[in-house]
Amino acid sequence: MASSASWFCSLLALFLVFSGTYGQLSPNFYSLSCPTLLSVVSDATSQAILAEKRMGASLLRLHFHDCFVQGCDGSILLDDAPGLVGEKTGFGNVNSVRGFEVVDAIKTKVEAVCPGVVSCADILALAARDSTVKLGGPTWTVPLGRRDSTNANLSQANSDLPPPFANISGLIAGFAKKGFTAREMTALSGAHTIGFAQCKNYRDRIYNDTNIDPVFATNLKSTCASAAPGTDAKLAPFDKQTDLVFDNKFYDNLANRQGLIHSDQELYNPGGTQSQASVVSQYRSNSNTFFNEFAAAMVKMGNIAPLTGAAGQIRLNCRVVNS
Ligand code: HEM
Ligand SMILES: *[C@@H]1O[C@H](CO)[C@@H](O)[C@H](O)[C@H]1NC(C)=O
Ligand SMILES: *[C@@H]1O[C@H](CO)[C@@H](O)[C@H](O)[C@H]1NC(C)=O
Ligand SMILES: *[C@@H]1O[C@H](CO)[C@@H](O)[C@H](O)[C@H]1NC(C)=O
């Protein structure tokens, strides 16, 4: 009996592996209920990136900020409402995460073809992948079937989204809490090969850090003044070599002590006890290694605590819980 049960389990495991199932999610989740989903999301994401290239970076970040706070459940998309405190005012989100209008636009197109079927959390996962691909990065198959939360958690947004002043031990611990190794954390950080940060998030680094290229710091000081709140929102590219191309130049920058925010440069500190310098060097010298490991880590990130089955709901409007 025991052995036939274990045979069954092995066969089931094999079946799940070959069918691409990841956790309780599956890439084929909508193949009958919404066969055109992938092209609708991909076309709408392309349109948004065509209108503004940076939107690709913003959409990738939204998926990250969704998944790190009570799992990939679309909670970041909820607006504050009577009886609901959203996550949009969290430290890492307020006046910073963007792309909500684009998510609304994608959702509207999806609702037009498959009303009431596709979750906002899945739309974020697909748009993050499509954005990465459109900006030149790796692709991966997106497991689907997440459902949307009926709540949000502002205090978890404040505690679990990593801050730009984090040190290496804080980064490793924060990602370990979500199930990631230090190496996977280093791969996921490579998302900072695209997009921008505001002066308030790199000011301390350019004026006070020692692990920084002095010329790089001086150049940034011309737009980001040391004590001028008026310059708080001044943007600088994470990767000044190729700011909106998803490549491995981020790691090149780190090796040159040109990481824009303090936390990124913490990954490259040869001699530091938890330094990821050797991983940075591998990703820097081999873009395939980075791409493969980034893609695998994104699938893993997309599988953080999804709501499945009868849990949660399929929101009709990503910003509000269904009435
Ligand atoms: C490792 C810890 C991380 C920290 C401390 C961090 C912090 C930040 C900060 C401070 C910004 C700039 C926000 C602003 O100035 O408005 C930012 C932007 C961004 N982050 Fe992260 N992040 C981390 C990991 C990640 C991960 C894992 C991803 C995705 C997989 C990601 C994707 C992005 C993208 C694409 C942007 C640019 C967004 C845009 O231009 O709109 N980050 N991050
Ligand atoms: C929010 O998250 C924190 C942990 O970060 C947890 O202690 C708390 O119970 C959560 N609140 C709700 C309402 O789920
Ligand atoms: C890293 O940051 C944490 C939290 O801010 C702090 O407690 C710790 O002492 C720091 N570690 C090092 C090595 O600086
Ligand atoms: C640099 O560090 C000092 C001492 O911690 C602090 O008072 C100052 O505000 C910092 N400067 C910037 C620009 O962050």
Side-chain angles (χ1 to χ4, degrees), residues 48-49 52-68 72 90-100 102 124-125 127-129 131-132 135 137-138 140 159-178 180 182 184-210 217 220-221 224-229 231-239 243-244 246 250 254 259-267 269 272-276 293-295 297-302 304:
I49 293 175
E52 190 209 10
K53 222 173 173 192
R54 182 187 174 195
M55 190 48 68
S58 307
L59 291 172
L60 174 57
R61 186 171 186 229
L62 269 187
H63 180 47
F64 165 52
H65 282 208
D66 182 26
C67 294
F68 263 52
C72 313
F91 302 133
N93 289 335
V94 68
N95 294 324
S96 181
V97 281
R98 56 201 294 281
F100 296 113
V102 168
L124 278 185
R129 188 272 313 270
S131 294
T132 303
L135 295 182
W140 58 90
S159 59
D160 289 12
L161 293 173
F165 49 83
N167 58 31
I168 188 67
S169 40
L171 290 171
I172 292 175
F175 278 71
K177 187 174 173 185
K178 305 293 172 184
F180 294 101
E184 288 170 328
M185 180 274 292
T186 306
L188 287 171
S189 299
H192 290 171
T193 177
I194 53 173
F196 297 81
Q198 302 175 63
C199 165
K200 63 181 175 196
N201 288 318
Y202 61 84
R203 180 182 280 133
D204 209 16
R205 166 152 175 73
I206 62 175
Y207 287 95
N208 278 337
D209 272 4
T210 50
L220 288 165
K221 287 173 188 171
C224 180
S226 64
T231 64
D232 277 3
K234 290 287 181 194
L235 294 177
F238 272 104
D239 169 13
D243 58 6
L244 288 169
F246 196 105
F250 168 75
L254 296 187
L260 181 62
I261 60 176
H262 177 81
S263 52
D264 284 345
Q265 194 60 56
E266 281 281 303
L267 300 172
N269 174 24
T273 49
Q274 292 177 287
S275 178
Q276 297 301 297
E293 295 186 22
F294 180 81
M298 285 300 293
V299 172
K300 187 167 170 177
M301 188 176 91
I304 298 176

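Note that ligands are numbered from 1 as they come in the structure, with each ligand's atoms numbered from 1 the same way.
Atom CG of Asn167 sits in a crowded spot, with more than 12 heavy atoms from other residues, nucleotides or ligands closer than 6.0 Å.
Only the side chain of Ile261 comes within contact range of ligand 1, with a heavy atom under 4.0 Å; no backbone atom does. Of all the heavy atoms of Pro163, the ones lying under 4.0 Å from any atom of ligand 1 belong exclusively to the backbone. With a 4.0 Å heavy-atom cut-off, ligand 1 is reached by the backbone of Leu188 and by its side chain too. At a 4.0 Å heavy-atom cut-off, ligand 1 does not touch Val97 at all.
Of all protein heavy atoms, the one closest to atom 13 (C) of ligand 1 is Ser96 OG, 3.3 Å. The protein non-hydrogen atom at the shortest distance from atom 35 (C) of ligand 1 is Ala57 O, 3.1 Å.
Residue contacts with ligand 1 leave out Tyr202, since none of its heavy atoms falls under 4.0 Å from the ligand. Using a 4.0 Å heavy-atom cutoff, Gly170 is absent from the residues neighbouring ligand 3.
When atom types are taken as modelled, the side chain of Gln265 and the backbone of Ser263 share no donor-acceptor pair closer than 3.5 angstrom.
Taking a cut-off of 2.8 Å, the protein N, O or S atoms nearer than that to atom 21 (Fe) of ligand 1 are His192 NE2.
Contact atoms of ligand 1 toward Leu171: 1 (C), 2 (C) (distance under 4.0 Å to a heavy atom of the residue). Ligand 1 places these atoms under 4.0 Å from at least one heavy atom of Ser263: 5 (C). Remark: ligand 1 atoms within the under-4.0 Å shell around heavy atoms of Arg54 are 39 (C), 40 (O), 41 (O). Near Asn167, the atoms of ligand 3 lying under 4.0 angstrom from a non-hydrogen atom of the residue are 1 (C), 2 (O), 3 (C), 8 (C), 10 (C), 11 (N), 12 (C), 14 (O). Heavy-atom contacts of Ser169 reach the following atoms of ligand 3: 1 (C), 11 (N) (cutoff under 4.0 Å). In summary, the atoms of ligand 1 found under 4.0 Å from a heavy atom of Ser58, numbered by their order in the structure, are 39 (C), 41 (O).
Using a 4.0 Å cut-off between charged nitrogen and carboxylate oxygen, Asp232 and Arg203 count as a salt-bridge pair. At a threshold of 4.0 Å, the pair Lys178-Asp160 counts as salt-bridged, since one of the basic side-chain nitrogens sits closer than that to a carboxylate oxygen.
The shortest N or O to N or O distance between Ile194 and ligand 1 is not under 3.5 Å.
Ring orientation note: the planes of His192 and Phe250 are nearly perpendicular, at an angle over 60° on the 30°/60° scale. Ring geometry for Trp140 against Phe294 counts as perpendicular: the plane angle is over 60°, on a 0 to 90° scale with 30° as the lower cut.
One finds the CG atom of Leu171 at 5.0 Å from the CE atom of Met185 (value rounded to the nearest 0.5 Å).
Between the side chains of His262 and Asp204, not a single donor N or O lies within less than 3.5 Å of an accepting N or O.
Nearest to atom 15 (O) of ligand 1 by heavy atom, out of Lys200, His63, Gln198, Met298, is Gln198.
Contacts of ligand 4 (protein heavy-atom distance under 4.0 Å) are Arg203, Asp204, Tyr207, Asn208, Ser226.
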